[in-house]
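Remarks on the structure that follows.
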Amino acid sequence: MSISGIPNSFTQPGVYVNLTINDSTAGNDTFNILVLGNAATGSAYAKNPALYPVTSLTQLATDFGTSSDVYNIIKTFKAIDSATSVYALNCIAGEVTTTVSNGTVTTINSVLSTTAQSADMSGTGVSASGGSGTGATFDITSTANSGDNTFTPASVTINNGGSGYAIGDKLTIANVGTLTVTALDSKTATSPEGDLTTLSNALVNVGNVEFDIITGGFNSALAIQAIDTYLLGTWSYDKELYGHYITYNQKNSLTDLVSTSDNFNSKNCSVLEIPTELDANISLGSFVAQVSTRTQTNSSLPLRGFALNSGLISIPNRFDAPTRSTLFSNGYCTVVADTVGNPTVERTRIGATTDNGIQINDTSLETRFQAVQVAKRFRTGLSPLVSSPKIIMDDADVVQPSTYIVTPSSIYGTCVSIYTGLINELVCKDMKSFKKNLSVTIDPAVPGRVNIVMQATLASGLNQITINLSVEK
């Protein structure tokens, strides 16, 4: 591995950005939103899994249906942010066919007693002991032995197969014998496949389109796993894509929210806690739209203080400050209500609280978008050096100027110029440290490659003012 973290075997022409703050790489400069969900049954897109660019709400209503989660999220989003490009993805769940059994006994192997008994053991609906199930009964016939008025069992047949039994169970009937279960009832059942398979299959249809925010109501542990796997790929150097998933967890109980918080322990995910009396799709669409708008205004601005306008929170379901702090420490973006009950997003964060068991120091959501903007800017600024023919030369070797020559010092100057722009845009700070840590070298092992090591210091939005006030009289 080279110092940039990209294998020496990877020699595809291009500019690759590896930001250790988020392990990111970045693609083009557009800002796109992807909404995951389901088209309504009977709508034009109900069975279509292709990526869908939203051109108008009218057309979306026809293609996905006004009752679909996709339509209602995007309708709310567009009312706030009408400029950003939005796409939809119909995540169609396939069917899983399984063979199921109630554990009802259908076949037995009987080993009957040969000991004669004075009492006749024949009967109908006779119960047996043992086995893992309940309720099985049997019909028994007997043979009367001539001369001594004794009886021995002749046959055992199933009267009622019961339920919950397993093949191999041993059942015993006193004075009759031992019955071994050799077969059970079975039937074929179909059920929707799980979120892991559904989303993994659906996200293949995204192709190489880059999305800054992916959102939707998929919030199971398996859904987050599928999306996390997808995003780990899009943030890699060989994909040049990235993204962040925003969803919700709708519960009224602190205990329920904390108990499910591990589902969202991912740096690629943020989850908004909302009570059940709020409209989930409106809440999500409103939240994502305001994150989108503010981030595009300036990625350093704090992502908080967003009015959801998705209903009113009743007094019993309003969390106090200590409770909201507990939720925040468990990975949630928190919601506060005013005296009337209007909900506002109070604080935002990434869902991850730990990384490989180590506490994460910076959980702020805006850091994700700042890092991507930095990556994009360096990619855009340095791309002309590889998009047109250039020759790498050491600074000491350049004697005469040429439009084809590029040197470490000239690339160094380009990096400083790009960083100056980022400082002017209030995304980064501390030029002195940037210059001190900036290194541009010709790779000794890979012909035609220049390695750049740099450290960008991100600006921080103002989130808190603390005062130590004492008064005296």
Side-chain angles (χ1 to χ4, degrees), residues 22 24 26-37 51-57 60 69-89 206 209-219 227 230-231 234-235 241-248 267-272 274 279-310 333-335 343-351 364-377 425-427 458-459 461 463:
N22 277 318
S24 89
N28 59 50
D29 290 334
T30 60
F31 201 95
N32 296 322
I33 306 295
L34 174 63
V35 178
L36 307 178
L51 185 64
Y52 179 94
V54 178
T55 56
S56 71
L57 286 176
L60 181 65
D69 54 350
V70 169
Y71 175 81
N72 286 286
I73 291 171
I74 295 176
K75 178 182 177 182
T76 304
F77 181 97
K78 284 294 186 181
I80 299 170
D81 181 355
S82 61
T84 300
S85 297
V86 180
Y87 293 71
L89 190 64
V206 172
V209 181
E210 177 183 346
F211 293 102
D212 296 79
I213 299 176
I214 302 174
T215 189
F218 290 98
N219 58 10
I227 294 168
Y230 169 76
L231 290 173
T234 63
W235 284 71
L241 304 169
Y242 64 105
H244 191 75
Y245 183 62
I246 299 177
T247 188
Y248 62 83
K267 65 182 180 182
N268 296 310
C269 169
S270 289
V271 55
L272 182 68
I274 53 174
D279 186 295
N281 293 326
I282 294 177
S283 298
L284 192 58
S286 175
F287 178 39
V288 172
Q290 293 177 81
V291 170
S292 168
T293 301
R294 187 170 295 177
T295 296
Q296 292 180 78
T297 300
N298 190 298
S299 62
S300 297
L301 290 171
L303 296 173
R304 54 177 174 76
F306 302 132
L308 293 179
N309 298 315
S310 55
C333 302
T334 57
V335 173
T344 297
V345 178
E346 179 187 39
R347 302 169 74 186
T348 61
R349 59 167 296 156
I350 60 173
S364 60
L365 179 55
E366 53 265 29
T367 297
R368 297 281 287 177
F369 299 110
Q370 286 177 291
V372 168
Q373 184 174 350
V374 173
K376 281 183 174 182
R377 193 58 50 81
E425 294 173 20
L426 310 180
V427 177
L458 299 177
N463 282 302

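Atom-to-atom distance recorded for Ile227:CD1 and Leu36:CG is 5.5 Å, nearest 0.5 angstrom. Residue Asn309 holds its CG atom at 6.0 Å from OG of Ser286, rounded to the nearest 0.5 Å. We find the OH-OH distance between Tyr245 and Tyr230 to be 13.0 Å, quoted to the nearest 0.5 Å. Summarising the geometry, atom CH2 belonging to Trp235 is positioned 8.0 Å from atom NZ belonging to Lys267; distances are rounded to the nearest 0.5 Å.
The side-chain hydrogen bond (donor to acceptor under 3.5 Å, both in side chains) test with Ser299 singles out one residue from Gln370, Gln373, Arg294, Arg368, and that residue is Gln373.
Leu231 has its side chain out of reach of His244: every pair of non-hydrogen atoms, C-beta onward, lies at least 4.5 Å apart. For the pair Leu272/Ile246, no side-chain contact is recorded, criterion being any heavy-atom separation below 4.5 Å from C-beta on. By the 4.5 Å heavy-atom criterion applied to side chains, Phe31 and Thr84 are counted as neighbours. Side-chain contact between Ile33 and Ser292 is present, with at least one heavy-atom pair separated by less than 4.5 Å. Using a 4.5 Å cut-off on side-chain heavy atoms (C-beta onward), Phe211 and Tyr87 make contact. Taking the side chain as every heavy atom from C-beta outward, Leu365 and Arg349 never approach each other to under 4.5 Å. Counting heavy atoms from C-beta outward, Ser270 and Thr348 have side chains that stay 4.5 Å or more apart. Within the 4.5 Å cutoff, side-chain heavy atoms of Val206 are placed close to those of Leu89.
With sequence neighbours left out, the side chain to side chain contact (heavy atoms under 4.5 Å, CB included) criterion links Ser364 to Asp362, Glu366, Thr367. Residues satisfying the side chain to side chain contact (heavy atoms under 4.5 Å, CB included) test with Asn298, not counting sequence neighbours, are Ser300, Leu301, Leu426.
When every heavy atom of Ser283 is checked against every heavy atom of Leu308, the shortest pair comes out as O-CD2, 3.6 Å. Among all heavy-atom pairs drawn from Val335 and Pro343, the shortest one is CG1-CB, 3.7 Å.
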Item to check | From CA spacing to verdict: side-chain contact (heavy atoms from CB on, under 4.5 Å), Arg304, Asn463 | outcome: CA-CA 9 Å; Arg304 54 177 174 76; Asn463 282 302; 2.7 Å; yes

Item to check | Residue pair Phe369, Gln296: steps toward the side-chain contact (heavy atoms from CB on, under 4.5 Å) verdict | outcome: CA-CA 9 Å; Phe369 299 110; Gln296 292 180 78; over 6 Å; no

Checklist entry - Under the side-chain contact (heavy atoms from CB on, under 4.5 Å) criterion, do Leu34 and Thr215 qualify, and how do the steps go? => result CA-CA 6 Å; Leu34 174 63; Thr215 189; over 6 Å; no

Item to check | Intermediate values then yes/no, side-chain contact (heavy atoms from CB on, under 4.5 Å), Phe287 and Ser310 | outcome: CA-CA 10 Å; Phe287 178 39; Ser310 55; over 6 Å; no

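The main-chain N or O of Gly216 is found under 3.5 Å from a side-chain atom of Thr247 such that the two form a donor-acceptor pair. Of the possible donor and acceptor atoms, one in the side chain of Thr297 sits under 3.5 Å from a partner among the backbone N and O of Thr293.
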What side-chain donor-acceptor pairs closer than 3.5 Å can you find for residues 70-77, not counting sequence neighbours?
| residue | atom | partner | partner atom | Å |
| --- | --- | --- | --- | --- |
| Asn72 | ND2 | Thr66 | O | 3.0 |
| Asn72 | ND2 | Ser68 | O | 2.8 |
| Thr76 | OG1 | Asn72 | O | 3.0 |

